[in-house]
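Below is one structure, written out as structure tokens, with a few remarks after it.
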Amino acid sequence: MVLKLPCQIIVWDVLPAIRAAIAEELIRCGSAQQDAAEILDCAPSAISQYLSGKRGYRIVFEEDIRSQIRDLAYALHAGKEIDLASRICKICVKMREGEQACGSCEDEDA
């Protein structure tokens with residue numbers, strides 16, 4: 001059995017899923033794929049892969065997380081100054097609190 005560390009799950013599964021969800025919402029808001037790529041600081045091909053389900057597809061978000069992602073995308077689309085890294089981190093932390101990402105993400109005292 002291969003052990004997947006919580007950080008690996010976050011990097012390989014959670015963050016791509018959050019970025020894919022933001023990209024989807026940006027497109028729903030009316031952003032072009034090129035604009036979404038610039039907002040998310042990624043290649044337009046990554047946006048295409050997010051939208052086609054080839055990348056970032058492993059997680060179905062609970063409604064409270066989906067709502068946070070939607071609010072973030074609307075703010076980004078509107079051109080508001082957003083600390084994107086901080087907002088994505090807050091979404092990730094909220095997922096970990098709800099154990100949506102994985103069951104082993106709680107802090108442990110060593």
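In what follows, residues are counted from 1 in the order of the sequence shown.
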Taking only Lys NZ, Arg NE, NH1 and NH2, and the carboxylate oxygens of Asp or Glu, determine whether Lys94 and Glu62 approach each other closer than 4.0 Å.
no

Using a strict threshold of under 4.0 Å (side-chain N to carboxylate O), is an ion pair present between Glu25 and Arg28?
yes

Give the minimum heavy-atom separation between [X] and [Y], together with the two atoms involved.
X: Asp41; Y: Arg19; value: O-NH2, 4.1 Å
X: His77; Y: Cys29; value: NE2-O, 3.1 Å
X: Ile27; Y: Ala36; value: CD1-CB, 4.2 Å
X: Gly56; Y: Ala20; value: O-CB, 3.5 Å

From [X] atom [atom1] to [Y] atom [atom2], the distance as rounded to the nearest 0.5 Å:
X: Lys90; Y: Ser86; atom1: NZ; atom2: OG; answer: 4.5 Å
X: Ile10; Y: Cys92; atom1: CD1; atom2: SG; answer: 3.5 Å
X: Leu40; Y: Ile18; atom1: CG; atom2: CD1; answer: 11.5 Å
X: Ile22; Y: Ser31; atom1: CD1; atom2: OG; answer: 12.0 Å

Contact check, side chains of [X] and [Y], non-hydrogen atoms, under 4.5 Å:
X: Gln8; Y: Asp13; answer: no
X: Arg87; Y: Asp83; answer: no
X: Arg70; Y: Glu63; answer: yes
X: Leu72; Y: Leu84; answer: yes
X: Ile69; Y: Glu24; answer: no
X: Leu26; Y: Asp35; answer: no
X: Pro44; Y: Gln34; answer: yes

Give the cluster check for Ile88 versus Ile82: same hydrophobic cluster or not, with ILVMFWY residues linked at side-chain heavy-atom distances below 4.5 Å.
yes

Are Trp12 and Phe61 linked, directly or through intermediate hydrophobic residues, by side-chain heavy-atom contacts shorter than 4.5 Å (ILVMFWY only)?
no

Is NZ or CZ of Arg55 both nearer than 6.0 Å to the six-membered ring centre of Tyr50 and within 45° of the ring axis?
yes

